[in-house]
Amino acid sequence: MARLVVVGGGIAGLAAAWSARCAAARAGVALDVLVLERGSEVGGKARTIVRDGWMVEGGPSGFLGGRPELDSLLRASGLENDAVLASARAKRRFLFRAGRLREIKTSPLGFARSGIMSFGGLLRLGVEPFIPRSRRTDDETVWAFAARRLGTEAADRLVSPMTLGIFAGDSRKLSLASAFPKMARLEREHGSLIRGLIARRGRTSAGPLTSLRGGMQSLPRQLAENGGFRVRCGATVRRIDRADIGWTVSIEGDGATLEADAVVIAAEPWVAASLFRPLDASAADALGAIPCPPVTVVALGFNSTARARIPDGFGVLIARGEGIRMLGNLWETSLYPGRGPAGGILVRAMFGGAVDESIGALDEAEMLTLARREVAQLYGLTAAPVFEHVVRLARAIPQYEVGHALRVAAVERAVETMPGLAVTGFGLRGVAFGDAAADGVRTGENLGRWLATCQIGSTACL
Ligand SMILES: Cc1cc2nc3c(=O)[nH]c(=O)nc-3n(C[C@H](O)[C@H](O)[C@H](O)COP(=O)(O)OP(=O)(O)OC[C@H]3O[C@@H](n4cnc5c(N)ncnc54)[C@H](O)[C@@H]3O)c2cc1C
């Protein structure tokens, strides 16, 4: 039986383990798959905490549905009936600017009246369809692209907070092509974002915002349970080496060394960098150059008296320069059922990211003090929270900065020279939960097929 070891039990690693086993089985070959996970349980960034009637997500709280890879993972884990769609209220999104919560209306008139943009800024936004397509061939930043097409005011007031909301990232550093490839494509194909959006109206490929009844961690947990592979938690992989045939994987602590025909590295980029160091220095350098700043999530639960002050909707992004350190809030109990006790309101506040790396230095008590003060200030609340939970992530979300595509290409080139080694995870080809899951499925499928071919004696594997 061929042996595959997967390093990392986040969604990407588990998806790779499951799809490799399935692809090999389809080719008539049984595959022994072992996932090694450093933590005490699987899930990685997907971490669901249930306490005192509240359900808190330490990482992702939802994903965009309609992806076949995610659907197949839900079926494999037995959770196909556990998906919950976000309420229709999730369409209501807010921005805190110039001291007020302002709804980001989608109608042109509603948006113009929201007070988010000045009259001059709106006029500049309106001429976007007439701005010629760029002839730039370099890797443009998100901010430079937004300023060029939509004007500097829209880049500062809309696109920068949005970039913080999605990547906890700095729009002046992130690469448009790597972080927002769909925006780059709209300009390339339609010559304008506005014209492109109009032309593609009703043809969006993104599915509805979705979560899971038992929280996001229920997918990795159930996949580990039902996926047909083995998982060992509390096992930190220290080193991967080429053997005469296949690979050896060394685990920290007990000094155990496992032999494998193939290995998937599904750990975060900085871990992958250290595992690649003895194998290929250029891939290690490329992975090591992907920054992952800290993020702290503070969940505050309020009783129903806060309902009058906190809007019903998705949440709020907070523009910089407002004297508030929070990047934004998600209103979890507005989005999905079962996130709090009856009448309770759960606010998840995000801090840190690429624009505030010093957040990592604040301990749990300091974070609670800061979050209580800023949430009270934002909504004008006087009532104290009745529930609190803090999740501190020293390195949270990989930043796809300018040059990211070259770094990914360097890693892919190195992997091509090492048969039986693959890399996946949200550090490379998509930062969202669905991207990581889909990349894991594809990576596992390729490796499972390759291993099956080797088992039946193909020379392609030599
Ligand atoms: C605060 C936050 C909020 C987010 N919100 C959203 C959201 O709302 N929607 C969305 O789509 N995405 C969101 N994301 C992104 C989403 O969480 C990720 O895309 C996804 O969870 C990444 O999965 P992964 O398997 O690639 O990596 P991870 O989940 O990081 O898994 C990597 C695993 O490798 C393990 N590991 C590391 N080193 C070793 C080692 N040496 N040996 C063994 N195991 C090791 C780690 O312990 C970890 O379990 C969010 C992320 C964060 C941090």
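In listed order, ligands and their atoms are each counted from 1. Below, all heavy atoms of this structure are taken into account, side chains as well, without hydrogens, waters or symmetry copies.
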Option of least heavy-atom distance to atom 38 (N) of ligand 1 (set: V391, V271, L428): V271
Looking at W54, I'd like to know if the NZ or CZ of R339 sits under 6.0 Å from its six-membered ring centre while staying within 45 degrees of the ring's axis. no
For atom 30 (O) of ligand 1, the closest protein heavy atom turns out to be K45 NZ, 2.6 Å
Among all protein heavy atoms in this structure, tell me which lies nearest to atom 2 (C) of ligand 1, with the distance rounded to 0.1 Å. G59 CA, 3.7 Å
Relative to the heavy atoms of G425, which atoms of ligand 1 are at a distance of less than 4.0 Å? 26 (O)
Evaluate G13 for polar contact with ligand 1, using N/O atom pairs at a separation under 3.5 Å. no
Ligand 1-proximal atoms of L393, by part, heavy-atom distance under 4.0 Å: side chain
I'd like to check whether V297 has a polar contact with ligand 1, where a contact means an N/O of the residue lying under 3.5 Å from an N/O of the ligand. no
Going by the order shown, which atoms of ligand 1 are within less than 4.0 Å of some heavy atom of V431? 15 (C), 18 (C), 19 (O)
If we only count N/O pairs under 3.5 Å, is V237 in contact with ligand 1? yes
Indicate the atoms forming the closest heavy-atom contact of I265 with A272, along with that distance. CG2-CB, 3.8 Å
Run the numbers for me: atoms of ligand 1, each under 4.0 Å from some heavy atom of G10, listed by number. 25 (O), 29 (O), 31 (O), 33 (C), 49 (O)
Classify the contact between I397 and ligand 1 as side chain, backbone, both or neither, using a heavy-atom distance cut-off of under 4.0 Å. side chain
Going by the closest heavy atom to atom 10 (C) of ligand 1, which one wins out of F167, F433, W270? F433
If you count the atoms of ligand 1 from 1 in the order shown, which ones are under 4.0 Å from a heavy atom of G44? 29 (O), 31 (O), 48 (C), 49 (O)
Spacing of L176 atom CG and E187 atom CD [to the nearest 0.5 Å]: 8.5 Å
Write out the residue and atom name of the closest protein heavy atom to atom 25 (O) of ligand 1, then the distance separating them to 0.1 Å. A12 N, 3.0 Å
Starting from atom 44 (N) of ligand 1, which protein heavy atom do you reach first, and at what distance in Å? R38 N, 3.0 Å
D156 and W143: CA distance, side-chain angles, deciding distance, side chain to side chain donor-acceptor pair (under 3.5 Å) verdict: CA-CA 8 Å; D156 287 335; W143 190 89; 2.8 Å; yes
Ring centroid separation for W331 and F94, is it under 6.0 angstrom? yes
What atoms in ligand 1 come closer than 4.0 Å to a heavy atom of G8? 33 (C), 34 (O), 35 (C), 44 (N)
Under the salt bridge (charged side-chain N to carboxylate O under 4.0 Å, His left out) definition, can you give me all pairs with a residue in residues 77-90, not counting sequence neighbours? R89-D312
Is a salt bridge present between E103 and R92, judged by a nitrogen-to-oxygen distance below 4.0 Å? yes
Taking the side chain as every heavy atom from C-beta outward, state whether V411 and L287 have any atom pair closer than 4.5 Å. yes
Return yes if a side-chain donor-acceptor contact under 3.5 Å exists between W247 and D261, otherwise no. no
Side chain, backbone, both or neither: which part of L36 comes within less than 4.0 Å of ligand 1 when only heavy atoms are counted? backbone
Any side-chain donor-acceptor pair under 3.5 Å between R325 and S358? yes
Working for side chain to side chain donor-acceptor pair (under 3.5 Å), residues T424 and D439: CA-CA 6 Å; T424 183; D439 199 71; 2.7 Å; yes
Can you list the ligand 1 atoms lying under 4.0 Å from a non-hydrogen atom of A235? 42 (N), 43 (C)
My understanding is that we take every heavy atom of each candidate and find the minimum distance to atom 48 (C) of ligand 1. Doing that for E252, E37, R238, which one comes out nearest? E37
Please state which part of A436 comes within less than 4.0 Å of ligand 1, counting heavy atoms only: side chain, backbone, both or neither. side chain
Between ligand 1 and G43, can you find any atom pair, the residue atom being a heavy atom, that is separated by under 4.0 Å? yes
Any heavy atom of A168 sitting closer than 4.0 Å to ligand 1? no
Using distance alone, decide if ligand 1 has a nitrogen or oxygen within less than 3.5 Å of any nitrogen or oxygen in V295. no
Return a yes/no value for G62: is any of its N or O atoms, backbone included, closer than 3.5 angstrom to an N or O of ligand 1? yes
Both conditions, 6.0 Å and 45 degrees, for the charged tip of R21 above the ring of F229: are they met here? no
Protein contact of atom 32 (C) of ligand 1 - nearest heavy atom, named by residue and atom, plus distance: A266 O, 3.5 Å
Among protein heavy atoms, which lies nearest atom 23 (O) of ligand 1, and at what distance? I11 CG2, 3.6 Å
Could you check whether F180 and F167 have their ring centres less than 6.0 Å apart? yes
Is the closest N or O pair between A46 and ligand 1 shorter than 3.5 Å? no
Would you tell me whether E57 and Q217 have side-chain atoms, one donor and one acceptor, within less than 3.5 Å of each other? no
among protein heavy atoms, the one nearest atom 8 (O) of ligand 1 is S61 N, 3.4 Å
Among all protein heavy atoms in this structure, tell me which lies nearest to atom 22 (C) of ligand 1, with the distance rounded to 0.1 Å. F426 CG, 3.5 Å
If only side-chain N and O atoms count, and only distance matters, is there a donor-acceptor pair under 3.5 Å linking S171 with T163? no
For ligand 1, is there an N or O atom under 3.5 Å from any N or O atom of T236? no
Counting only heavy atoms not in R47, do more than 12 sit closer than 6.0 Å to its CZ atom? no
Taking everything shown except E259 itself, do over 12 heavy atoms lie less than 6.0 Å from its CD? no
